[in-house]
Every structure is written in C-alpha cells, then in structure tokens.
Amino acid sequence: MLETRRLSIAIKRSPQNPAKCSNQTWRELMPTLAADQEAPLPESAVTAREGWLRLLTGGLQGLLLYVLYFSATSDWWSPANQILFAPLLLVSLFAPILLIVSLGHLRRRPASIWLAIAAVIIASLGVYDIWRGDTAASTLSSRGNVSFPSTLLVFFLAIGFFIAHSLLLSGVQDKRHIARYATHFENAWKLIIQLGFSYAFVGVLWGALFLGALLFSLIKLDFLRDLLEKSWFAIPVTTLGFSCALHITDVRPAIVQGIRSLLLVLLSWILPVATLIVLGFLVSLPVAGLQPLWETKSATAILLGAAAMLVVLINAAFQNGEVSSAISRIVRISARLAALALLPVVALAIYALYLRVHEHGWTTDRIIAASFLLVATCYALGYAISVFHPVWMRSVARTNMATAYLILVELLALFSPLFDPARISVNSQLARLRGGRIAAAEFDYEYLRFQGARYGREALEQLLQAQGTDAETIRRKAQAALMKKNRWDKQEGASVSSDQLSRNITVWPKNERLPFAYTSQQWAASDQAWQLPTCLRSPQSKCDAFMLDITGDGKNDILLLPAEKHVSGAIFVEGADHSWWLFGTLPLALTGCDSFREKLIAGDYRLEPVRTRQLRVGNQSIEVHKQYRSSNVTCPSE
C-alpha cells in the first residue's frame, strides 16, 4: 500500500503528463497496484465449510434438546438414573455453542481437547447441582420425573465458559500461554457482539414466525400457529437460527469491529456523568452519615452495582490500551477519578456486608456477594494503582487479566463441593443457634429447609434430636419446617383442630355438616398438603364448603372454595376406609369469581353425568379425567 501511495503522489505532481514519471518508477509500482486489485485480502478466514458444519451442529443440538425435552415428559428417567438428565441437558446446551465458536479458529486437536474438558466440567457440576439440591423443597425446576439444573448454575456456566473460551482462543492465536491483552480484548468483544446479535436474530426470527401465524389466522388457516406450538419444530428452529447468526457475524469481522468501536465510544462518554454521580455520593456521605445507607438493607447490592458500572465504563474508555492518544481529555480525567472513586465504593460495600454477616450470619446470597466483592476489590486496587502510573491507566490490562482468572477459580469453587454456599451458610446458621447468638424461637428454620439444599435438610433432621435448653422448641420448629412443601406455606405443620376447622369452613346448604372424619383428618401432614386450601392448615383462613355428589356414587363429596382468590378450589371424596382424599382442583379463575361462588350458594347449578368411560386393565379400573385449560374457563355471567 506504500507503493500505491507513492504512485498517487507522483501522478498528482505531474497531472498533465504522467509519462514524465520515470519508466523505472512505473515498472516498480504497477505490479504492486495490480496485485492489490487482483488479490484483495479476505474479510475472514472462516470458509463455507465451517458454515455448513455450524448449521449441522445447530441442527444436531436442536434434535438432542428435543429428545431430552420429550424424555422429560415420559417415563424414560427412573429415580436411579434421573440424576443424569441435568448433566446431559447442560452439555447439550453449552458444548455445541463452544464447538460453533471454535470452528475456523481452533485446529481440530486443540478444539477436541477443549470440548472434552468443557464437557467433563459441565457434566460434573450438573451432577453435583442435582445431588445437592432438595427437589422436595422445589428449589429446582421440575418437569415429569426429572430435575432441571438451577438457574444460577446455568447463568454462571455461561459467564465462565465465555471467559475461558476467550482466554483459550487468544492464547492459541498468540501462541502463548497468556496472550497479549489486545488479543484478549478483540476476541472477548467480538464474542460478546456475536452472542448479542445472535440472540437478537433469534428473537426477530420468532417475531416474524408469529406474525406469519397471525396473518394466516386472518384467513382461517391455523397450520403455522399449530406448527409453532410443536416442540419438535420450535426447538430445532431456535438452535438453527442461533448457529446461523453466529456464523454470519463471524464472517464479517469488520462490521463487528465497527459496532464494537461505536458502542465503546458511546459508553466512554457516559463515564464523566457516572463519575460525577459517584463522587457526589461520596462527598455527601460525611453530611448525611452512613445510617441511612445501612437502613436500606440492600446497601451491598447497590454499591456493587455502582462498582460494576464504573468498571465497565473505565474499560469502555481504556479499550485495548492502545488508543489513549485518541481519547478526549475529559474522558481521560474521568477515568482516573473513577478509578480512585472505585476504592471507597468497594470498601463501603465490604463494610455493609460485614455488618449483615455479623448480625445475621452467612447466607447463600451473602457468600455470593462476598465472592463478587473479592473480584471488585481486585479491580479497585489494580485501577487505583494505574492512576499513578506515568503511562495512562497502564495497570488496567494486567488487572483485567488477573481478575479473569480469579473469576474462573471462584466459579469452580462456588458450584463444587469445595466452597458450596449452601453448605457454608448452613454451618454458619447452626453455629449461631448452638452458640446462643439467636433464640431458638427466632431462628430461621425455613432458611435451612428451602435455601440450605441438601445440607439444610440434613441439619433439620439433626435438630430433631436436639437436647438441652430449648430442645422442645427446636424439635417442634424443625419438624414443622420439614413438613412444609413450599416457602409460602405459613402454617407450622400441625393440623388445625377439628373445632377450629369447623369454625373456618361455612357449609352449604345450611342444613349440611362436615363429616367428623373430614374435620379430624391430619391435613397438614399429608403428602398433598401443598395443594390444599389454606383453611385446612391455618386457623386464620376461611373457606366455603359445598356438599355435592360430584362423583355420582350416591354419597356427598366436598367442594372447598377458599376465601383467598389466589388459591385454587379443591374437591374431596371419601375413600372406602372413610378417609378423605384430594380428588382434584378447580381452575384458579373460578376461585376469584364472585358470581361463581354466589351461584353455588344460591343453588343455581346442576350436576351433569360424566360421559367418560373407565379403562380396565387387568383387575384394575382406571378413571380417566378430562383435563382443562385455565384459558378455557371463564367466570359465569351474572
């Protein structure tokens, strides 16, 4: 390109007679110019072959995810092997994406080793996540006979493998164990923009599909709407669209680089505003005092958010560390001030967390916050040092690299047995109880049940054997917590007395009475307690009971409508042993419908025979019940 520039200068100098240029100059420059025109450099080294492989990978990922989705609703997974479902799901989610972003950038051998290591890490963390989780407490999402991985694990796996892949790819490109920061910067930001645009592409794709379905619905053609509701279509379309978008953004690196540059420039001009706000907050503290800050009970989270904002904006100004001469003076000054302000902000967050832990002990959230604060402290110290370096913000690059490795170590520790927040927090809470720092009656047993995972449930079982002072209170409350099926259940596990239950429930018609076997039954201790109306478990709740022969066996059944409009009504039938059991629930829309309740009280209803036949298999008769959709159930008209 240097020779081309010399040629243009020569022509400019002799516009009337280019031939005056020496023959030697033309002979030297013309071959170079011809080579520039005939062999332009490609935008990307990624070929069409990688594009087809990426589409194939996306299609296979969709197929595998559909098989797992289908198996989750069937009887494929028994209690003995259901722990394998979550690891397979996680590997199916992450491994194909890692393969797609590796194609064209990593050779076959390094890519194979990287994918194998990643799959082992993902599967191991998935197995531990299910093993430690208390599925009975519904801390994990469940469908059918399987348990899904926790949301936190999925979220932080995405962050961890984003960092790890960027570090690995940069090292391979520079052929060094630790690559140059500029290489890390380019790869990380390229991957961020690729993923962001790929998610946006999938969203727009589905928007177009839904719009098409609506258009066809206008002419009474519902085939596309029905197709979009099929999981065998929706899942592969999503994965194929995502893989296609990743490939398209990869073959146009110049466009990605332009978007990145524009985004960082815009963000860098937010830095002066953010710096002014944070400095104003710090200057106001001596006047307002710290007490209002602590009274929010969320000071740590807010201060961490402010620290994260400063870190992002400082990096937006710093970029790859090689553009300092092109940065505006006000942005350069703001970056230095923000780096200095970061240290007191993080110090305040640490002190706020210390106060909460000192008063209430460690919890899962506080342990995760502590890990964030460790990362924030590394940023704060490194950036503060960079302020005093003769070269503008020189230490930022080294700080970012060191902190990236720290984050990877922290994530592995937090989601493995090494530093499991649930285990540590349960031990901390038990130490407070046994050390007398909190009264047995005020101790949060529900925390152990619903946030302590496996370790919390085991701790409650140990508390059932408590001896000594307050042992009776500890055993009673531990038993109550173990019997609860969800964290919103306010009862302590003991059934409401028969007399209290009779007062809680108004029976219709007025001349009817609830059977003694029904009111004396231990409802709160049943396996279905979480599905029951709260009036069966709490003395403060009310219900209306309607005596109806719903099953058509000649005996009255009980339709129970709770006063709370957010709780479903329930139907109870009497068994052969005179015990009562939950037959089914009503749509939630009917519980909150006043006209539905009023019509039942007035007797404005009729019982219609069910026309479903029984299925007899061997010596057993099976009742087949019609399933309703809440959207199809409406409140009766007045």
Side-chain angles (χ1 to χ4, degrees), residues 159 162-167 169-171 173-174 176 178-196 253-254 256-279 282 303-346 372-408:
I159 293 177
F162 165 78
I163 296 173
H165 185 79
S166 300
L167 293 173
L169 188 60
S170 301
Q173 288 182 0
D174 284 359
R176 299 166 55 181
I178 299 179
R180 297 179 303 112
Y181 179 72
T183 307
H184 284 301
F185 173 83
E186 294 291 336
N187 286 322
W189 271 100
K190 178 187 174 185
L191 191 54
I192 287 175
I193 293 174
Q194 277 187 275
L195 292 172
V256 173
Q257 186 176 7
I259 294 172
R260 182 205 69 199
S261 299
L262 177 61
L263 177 62
L264 292 179
V265 168
L266 291 175
L267 286 176
S268 67
W269 279 100
I270 302 176
L271 180 60
V273 178
T275 304
L276 183 63
I277 293 172
V278 174
L279 288 176
L282 294 175
L303 290 167
L304 269 174
M309 176 185 67
L310 291 179
V311 169
V312 170
L313 296 179
I314 290 171
N315 278 279
F318 183 75
Q319 297 189 29
N320 61 1
E322 299 175 359
V323 295
S324 58
S325 59
I327 299 175
S328 170
R329 182 178 180 83
I330 187 173
V331 174
R332 289 161 60 92
I333 295 173
S334 298
R336 291 183 184 272
L337 293 175
L340 289 174
L342 189 59
L343 201 56
V345 169
V346 173
F372 287 166
L373 282 172
L374 179 58
V375 172
T377 302
C378 292
Y379 279 124
L381 292 174
Y383 289 8
I385 293 172
S386 70
V387 172
F388 304 100
H389 199 282
V391 180
W392 182 71
M393 306 296 286
R394 184 65 177 270
S395 300
V396 168
R398 288 194 294 269
T399 301
N400 289 347
M401 293 292 296
T403 309
Y405 286 102
L406 173 64
I407 292 173
L408 292 179

According to side chain to side chain contact (heavy atoms under 4.5 Å, CB included), who are the partners of Arg336, at least two apart in sequence or on a separate chain? Val387, Trp392, Met393
By side chain to side chain contact (heavy atoms under 4.5 Å, CB included) - contacts of Ala308 (at least two apart): none
Enumerate, atom names and distances included, each donor-acceptor pair closer than 3.5 Å involving a side-chain atom of residues 310-317, sequence neighbours excluded.
from: Asn315; atom 1: OD1; to: Asn400; atom 2: ND2; distance (Å): 2.5
from: Asn315; atom 1: ND2; to: Val311; atom 2: O; distance (Å): 2.8
from: Asn315; atom 1: ND2; to: Tyr383; atom 2: OH; distance (Å): 2.8

Are any of the side-chain heavy atoms of [X] and [Y] separated by less than 4.5 Å?
| X | Y | value |
| --- | --- | --- |
| Leu167 | Leu408 | yes |
| Ile327 | Phe318 | no |
| Leu303 | Val346 | no |

Sole candidate of Ile259, Leu195, Val256 that passes side-chain contact (heavy atoms from CB on, under 4.5 Å) when paired with Lys190: Val256
Please check if the number of heavy atoms outside Ile330 that lie under 6.0 Å from its CD1 is greater than 12. no
Please name the pair of heavy atoms, one in [X] and one in [Y], separated by the smallest distance, quoted to 0.1 Å.
| X | Y | answer |
| --- | --- | --- |
| Ser395 | Ile385 | OG-CG2, 4.0 Å |
| Met401 | Ala179 | CE-O, 4.1 Å |
| Thr275 | Ala338 | OG1-CB, 3.5 Å |
| Asn320 | Tyr181 | O-CD2, 3.8 Å |
| Thr399 | Cys378 | CG2-O, 3.5 Å |

Euclidean distance, [Y] [atom2] relative to [X] [atom1], rounded to 0.5 Å:
| X | Y | atom1 | atom2 | result |
| --- | --- | --- | --- | --- |
| Phe372 | Ile407 | CZ | CD1 | 9.5 Å |
| Tyr379 | Thr403 | OH | OG1 | 5.0 Å |
| Ser386 | Leu381 | OG | CG | 11.0 Å |
| Leu337 | Leu279 | CG | CG | 6.0 Å |

Main chain of Arg180, side chain of Asp174: is a donor-acceptor contact present, judged purely on distance under 3.5 Å? yes
Quick note, salt bridge (charged side-chain N to carboxylate O under 4.0 Å, His left out) partners involving residues 259-275, not counting sequence neighbours, are Glu186-Arg260
Holding to side-chain hydrogen bond (donor to acceptor under 3.5 Å, both in side chains), I want the full list of residues that pass it with Ser170, two or more places apart in sequence or in another chain. His184, Asn187
Determine all donor-acceptor pairs shorter than 3.5 Å in which one atom belongs to a side chain in residues 262-273; sequence neighbours excluded.
from: Ser268; atom 1: OG; to: Leu264; atom 2: O; distance (Å): 3.4
from: Ser268; atom 1: OG; to: Val265; atom 2: O; distance (Å): 2.6

